[in-house]
Amino acid sequence: MRLKRNFYTQNALKIAPNLLGKILVRKYPSGKIVKYIITETEAYCGEKDKASHAFKGKTPRTKVMYEEGGLIYTYLVYGMYWMLAIEVNSKNNPEVVFIRCLDGFSGPGKVGKELKIDKSFYGEDLTKSKRIWIEDNLQRQNFTIKKAKRVGVNYAEEYAEKLWRFILVVKPKIWVKTGKKGLKTV
DNA sequence: CCAGTGATCAGG
DNA sequence: CTGATCACTGGA
């Protein structure tokens with residue numbers, strides 16, 4: 001089930017951990033569909049957040065952040081890497097959830113490269129797009145969430161210290177004997 | 001450690 | 001227009 005608008009209009013600190021374990025779907029022009037589990041996210045929380053691009057206010061680059069949640073916010077860094085982020089919260093609340101890692105490979109630069117993200121995805125609506133969207137994962141997930149400082153934002157003073165990065169950690173199961181043959185998890 | 005690479009933004 | 005900066009990666 002594709003996530004609907006009401007998921008994206010929550011605030012970034014709620015959505016960032018809630019996206020872990022969900023499924024990012026990309027459909028290519030050939031019709032090929034690939035799916036990845038979202039395993040690492042970061043929350044960027046509005047104009048007060050010194051680490052956020054929205055800290056400088058509304059500019060041509062950040063204008064999509066001021067729309068209602070559910071749109072893609074993408075931008076190029078270091079002249080090479082397309083970053084994938086999701087604009088969230090209500091109109092004029094420039095909050096974003098940055099997709100830092102997907103299952104199977106690591107690093108936000110690789111995410112953009114793998115999914116062939118480019119400028120044309122700027123403002124793409126995840127609730128309507130035919131080439132990229134996010135689905136709920138119906139299987140109950142056995143994982144915990146590790147919180148950490150965000151990466152690459154040392155300039156952000158007190159906001160560099162915020163634990164607004166969320167990492168999916170697979171939780172190993174413990175198996176115990178029940179009777180002669182049975183096993184169960186605890 | 002550091003280079004690669006180009007959009008973006010503030011300041012003239 | 002200029003120049004610094006950058007939510008990164010890969011290779012000394």
Side-chain angles (χ1 to χ4, degrees), chain A residues 3 7-24 26 34 36-90 92-126 129 132-134 145-169:
Chain A
L3 298 179
F7 178 82
Y8 297 109
T9 52
Q10 305 173 94
N11 67 56
L13 282 174
K14 175 139 189 171
I15 294 176
N18 279 347
L19 272 177
L20 298 178
K22 291 196 168 31
I23 305 164
L24 183 60
R26 174 80 165 95
V34 291
Y36 299 98
I37 304 286
I38 297 169
T39 53
E40 191 172 329
T41 60
E42 288 175 353
Y44 288 84
C45 304
E47 293 183 345
K48 68 178 195 303
D49 182 354
K50 289 177 183 166
S52 174
H53 294 162
F55 181 63
K56 291 179 180 173
K58 200 171 188 173
T59 68
R61 179 170 68 160
T62 61
K63 70 177 192 296
V64 78
M65 292 170 70
Y66 290 77
E67 296 300 316
E68 188 171 49
L71 310 184
I72 286 183
Y73 173 55
T74 185
Y75 60 95
L76 190 67
V77 280
Y78 301 105
M80 281 178 253
Y81 305 104
W82 286 98
M83 302 291 101
L84 177 61
I86 302 165
E87 140 56 14
V88 302
N89 213 322
S90 54
N92 294 317
N93 267 311
E95 296 197 349
V96 151
V97 175
F98 181 50
I99 306 294
R100 185 156 243 305
C101 184
L102 302 175
D103 192 35
F105 49 98
S106 59
K110 289 180 179 174
V111 170
K113 189 179 176 192
E114 174 77 15
L115 297 176
K116 297 186 166 55
I117 299 301
D118 59 36
K119 182 119 194 157
S120 75
F121 282 81
Y122 185 85
E124 185 101 349
D125 191 337
L126 287 165
S129 175
I132 188 166
W133 62 90
I134 298 173
I145 295 173
K146 178 181 158 76
K147 296 179 188 178
K149 292 180 190 174
R150 294 173 294 179
V151 175
V153 296
N154 293 331
Y155 55 84
E157 300 170 16
E158 74 271 27
Y159 283 91
E161 305 301 312
K162 303 282 187 189
L163 300 178
W164 288 351
R165 175 182 173 203
F166 303 90
I167 306 162
L168 183 156
V169 180

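Sequence lines set the chain letters: A, B, ... in the order given, protein chains first and strands last, and positions in each chain run from 1.
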Is there a residue in residues 62-71 of chain A whose heavy atoms reach under 4.0 Å of DNA chain C, and which residues are they? none
Output the distance between atom CD1 (A:I38) and atom CG (A:D103), rounded to the nearest 0.5 Å. 11.0 Å
Per A:R100 side chain, nearest of listed nucleotides C:dC6, B:dC9, C:dC8: C:dC8
Nearest to side-chain heavy atoms of A:K110, which nucleotide of C:dA7, B:dT8, C:dT9: C:dT9
Measure from the side-chain N and O atoms of A:T39 to the backbone N and O of A:L168, and report whether any donor-acceptor pair falls under 3.5 Å. no
With both pairing distances under 3.5 angstrom for Watson-Crick or G-U wobble, and | for a partner in another strand, the correct string for DNA chain C is ||||||.||||.
Within 6.0 angstrom of A:K50 NZ, more than 12 heavy atoms from elsewhere: yes
Write down the distance between OH (A:Y73) and P (C:dC6), rounded to a whole number of angstrom. 13 Å
Determine, stepwise, if the pair A:F166 / A:E40 fulfils side chain to side chain contact (heavy atoms under 4.5 Å, CB included). CA-CA 6 Å; A:F166 303 90; A:E40 191 172 329; over 6 Å; no
Between P on C:dC8 and CD on A:E40, what's the gap in Å once rounded to a whole number? 11 Å
Using a cut-off of strictly less than 4.0 Å, decide whether A:K56 has a side-chain nitrogen or oxygen near OP1 or OP2 of B:dT8. no
How many whole angstroms separate atom CH2 of A:W82 from atom P of B:dG6? 12 Å
Under 4.0 Å: is that the gap between some side-chain N or O of A:R61 and OP1 or OP2 of C:dC6? no
Could you give me the CA-CA distance, side-chain angles and deciding distance for A:K149 and A:L163, then say whether side chain to side chain contact (heavy atoms under 4.5 Å, CB included) is met? CA-CA 5 Å; A:K149 292 180 190 174; A:L163 300 178; 3.9 Å; yes
For A:F98 and A:R150: C-alpha separation, side-chain torsions, deciding distance, then whether side chain to side chain contact (heavy atoms under 4.5 Å, CB included) applies. CA-CA 10 Å; A:F98 181 50; A:R150 294 173 294 179; over 6 Å; no
Regarding A:R150, tell me which of base, sugar-phosphate or nothing describes its non-hydrogen contacts under 4.0 Å with the strands shown. nothing
Within a strict 4.5 Å, meaning less than it, do heavy atoms of the A:K63 and A:Y122 side chains meet? yes
On the six-membered ring of A:F105, is A:K110 placed so that its NZ or CZ lies under 6.0 angstrom from the centre and within 45° of the ring axis? no
Check the geometry between A:Y44 and C:dA7 and answer yes if their rings are stacked (centres below 5.5 Å, planes below 30°), otherwise no. yes
From CZ of A:F55 over to P of C:dT5, roughly how many Å is that when rounded to an integer? 16 Å
If you round to the nearest 0.5 Å, how far is CZ of A:R61 from NZ of A:K56? 7.0 Å
Assuming nearest nucleotide by heavy-atom distance, tell me which of A:K113 and A:Y155 is located more 5' along DNA chain C. A:Y155
Test side chain to side chain contact (heavy atoms under 4.5 Å, CB included) on A:T62 and A:Y73 and set out the steps. CA-CA 8 Å; A:T62 61; A:Y73 173 55; 4.1 Å; yes
Side-chain contact check for A:L76: nearest option of B:dG6, B:dC9, C:dT9 is B:dG6
Atom CG of A:L84 to atom P of C:dT9: distance rounded to whole Å? 13 Å
Is a side-chain donor-acceptor pair under 3.5 Å present for A:E47 with A:Y66? yes
Shorter than 3.5 Å, N or O on both sides, protein versus nucleotides 2-5 of chain B: list them out with atom names.
| unit_1 | atom_1 | unit_2 | atom_2 | d |
| --- | --- | --- | --- | --- |
| B:dT5 | O2 | A:Y78 | O | 2.5 |

Protein-nucleotide distance (A:F105, atom CZ; C:dG10, atom C1'), rounded to Å: 17 Å
Report yes if a side-chain nitrogen or oxygen of A:K119 is closer than 4.0 Å to either non-bridging phosphate oxygen (OP1 or OP2) of B:dT8; otherwise report no. yes
For a quick check, tell me whether the side chain of A:Y75 and the base of B:dA7 share a donor-acceptor pair closer than 3.5 Å. no
Evaluate the ring planes of A:Y159 and A:W164, with Trp represented by its six-membered ring, and classify them as parallel (under 30°), tilted (30 to 60°) or perpendicular (over 60°). tilted
